[in-house]
Participant: 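Before anything else, here's the structure in question.
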There are 2 protein chains.
Amino acid sequence: MRKTFLFMDTIVNKVDAKGRVSLPSDYRAIVKELSTEIVCYRSLTSPCIEGCAEELLEKIAADMETSLDFFSQTQDDLTNLIFGDARRFSFDSTGRILLSEKLLKHAQITDTAVFVGKGRKFQIWNPENWAKEEKRIRQEIMKNRPSLSMKGGTNR
Amino acid sequence: MRKTFLFMDTIVNKVDAKGRVSLPSDYRAIVKELSTEIVCYRSLTSPCIEGCAEELLEKIAADMETSLDFFSQTQDDLTNLIFGDARRFSFDSTGRILLSEKLLKHAQITDTAVFVGKGRKFQIWNPENWAKEEKRIRQEIMKNRPSLSMKGGTNR
DNA sequence: AAAAATCCCATGTTATACCATAAGAGTAAG
DNA sequence: CTTACTCTTATGGTATAACATGGGATTTTT
């Protein structure tokens with residue numbers, strides 16, 4: 001029935017002493033709908049955790065297979081890094097995943113996690129870091145607004 | 001059968017204490033017709049809520065996926081901004097959606113909401129703000145088309 | 001055996017589905 | 001042209017289901 005699967009919204013959830021966090025229910029719905037799994041890895045560019053449906057990584061792998069020439073060496077390396085770091089995180093009957101020490105440390109998350117939707121992907125941030133990052137992005141986007149409105153042209 | 005999907009007209013509805021508003025029936029018809037969902041987010045440029053069919057965001061996500069710019073910084077920022085703020089708002093059997101505190105605050109809406117159609121998108125305004133905005137827009141148009149205003153003025 | 005991971009139950013909170021009434025818009029009959 | 005009726009829509013209130021989260025029990029790993 002649902003044809004779309006977009007990770008959206010910004011949701012704040014508690015992380016308990018064991019490292020458990022509720023995956024936002026919308027995200028869980030996507031996983032169920034696609035009968036896939038959530039995959040997480042350390043972001044290559046930011047102090048946050050990045051996640052997506054396992055499906056997406058398969059798509060990327062397939063793309064690399066068929067169009068190696070179009071990927072630069074750098075992108076190839078980056079992709080390797082992600083695959084090397086990524087792991088499945090399945091949620092229990094109450095909808096929680098258990099984040100690993102490695103990921104929590106990289107994102108500096110202790111007791112609160114902020115889930116930020118990115119369409120096909122999502123990110124998990126420490127609240128303070130996300131507040132700063134959001135501010136930075138808004139300033140950055142406003143600076144480059146002309147090009148943004150150009151991109152809005154895809155709306156038609 | 002022709003599938004039209006243009007958000008039009010200006011409709012004023014009450015917002016109750018819980019933040020519930022009736023989605024204009026025309027809008028609901030569009031959602032049903034396209035079997036999609038309504039997605040809302042804070043306008044980047046105005047103190048109002050902006051909404052569209054989820055389909056539209058899906059298109060944007062698809063564009064980004066195929067752009068090969070999987071690791072571009074700008075794209076990263078954009079997806080955070082768009083999808084991080086957007087959320088699905090499905091309506092109940094009586095046609096109401098529950099607007100979030102974040103959105104209501106951004107648009108300064110308390111007890112009344114004005115829905116303004118914009119084609120593929122629509123906006124939700126606080127009544128006073130919308131009155132000002134509409135006035136501003138009309139003045140702007142008259143400024144840029146003096147000949148039009150002369151014609152209308154003398155003849156009627 | 002100790003530690004870690006997974007599962008299961010309990011609770012407060014919140015969102016959503018449902019019911020009921022009121023208000024209009026439109027239609028048909030008088 | 002007016003009145004009565006029907007149907008859709010808007011809105012208030014309430015009940016129910018879903019969710020996040022704490023705590024503990026059970027299983028698996030090492």
Participant: If you fit an axis to the five pairs at each end of the helix from dA1(C)-dT30(D) to dG30(C)-dC1(D), how big is the angle between those two axes, to 10 degrees?
Facilitator: 40°
Participant: Between protein and nucleic acid, restricted to nucleotides 11-19 of chain D and to nitrogen or oxygen atoms under 3.5 Å apart, what atom pairs and distances do you find?
Facilitator:
residue	atom	partner	partner atom	Å
dT11(D)	OP1	Lys14(B)	N	3.4
dT11(D)	OP2	Lys14(B)	N	3.2
dG12(D)	N7	Arg96(B)	NH1	3.0
dG12(D)	N7	Arg96(B)	NH2	3.4
dG12(D)	O6	Arg96(B)	NH2	2.8
dG13(D)	N7	Arg20(B)	NH2	3.0
dG13(D)	O6	Arg20(B)	NH1	2.8
dG13(D)	O6	Arg96(B)	NH2	3.3
dT14(D)	O4	Lys18(B)	NZ	2.7

Participant: Under 4.0 Å between a Lys/Arg side-chain N and an Asp/Glu carboxylate O for Glu58(B) and Arg120(A)?
Facilitator: yes
Participant: Expressed in angstrom and rounded to an integer, what is the separation of Asp9(A) atom CG from dA20(D) atom C1'?
Facilitator: 15 Å
Participant: Could you state the CZ-C1' distance from Phe115(B) to dA10(D), rounded to the nearest angstrom?
Facilitator: 12 Å
Participant: Starting at OH of Tyr27(B) and ending at C1' of dT9(D), how long is that distance when rounded to a whole Å?
Facilitator: 15 Å
Participant: Could you give the CZ-to-C1' distance, from Phe89(B) to dT16(C), as a whole number of Å?
Facilitator: 13 Å
Participant: Check this for me: does any side-chain nitrogen of one of Asp77(B) and Arg136(A) sit under 4.0 Å from a carboxylate oxygen of the other?
Facilitator: yes
Participant: For residues 95-105 of chain A, dump all side-chain donor-acceptor pairs below 3.5 Å to protein atoms at least two apart in sequence or in another chain.
Facilitator:
residue	atom	partner	partner atom	Å
Arg96(A)	NE	Thr94(A)	OG1	3.4
Ser100(A)	OG	Leu103(A)	N	3.4
Lys102(A)	NZ	Asp85(A)	OD1	2.9

Participant: So do the side chains of His106(A) and Ile49(A) get within less than 4.5 Å of each other, counting heavy atoms only?
Facilitator: no
Participant: Mind checking whether Tyr27(A) and Phe7(A) have side chains closer than 4.5 Å, heavy atoms only?
Facilitator: yes
Participant: Considering residues at least two apart in sequence or located in another chain, which fulfil the salt bridge (Lys or Arg N to Asp or Glu O under 4.0 Å) criterion with Glu128(A)?
Facilitator: none
Participant: In chain order, what residues pass the salt bridge (Lys or Arg N to Asp or Glu O under 4.0 Å) check against Asp16(A), with sequence neighbours excluded?
Facilitator: Arg20(A)
Participant: Mind checking what makes side-chain contact (heavy atoms from CB on, under 4.5 Å) contact with Thr112(B), not counting sequence neighbours?
Facilitator: Val12(B), Pro127(B)
Participant: Please report the distance, rounded to the nearest Å, between CG in Leu99(A) and C1' in dT6(C).
Facilitator: 15 Å
Participant: Rounded to whole Å, how long is the line connecting atom CD1 of Ile11(B) with atom P of dA10(D)?
Facilitator: 8 Å
Participant: What is the distance from CZ of Phe91(B) to C1' of dT9(D), rounded to the nearest Å?
Facilitator: 13 Å
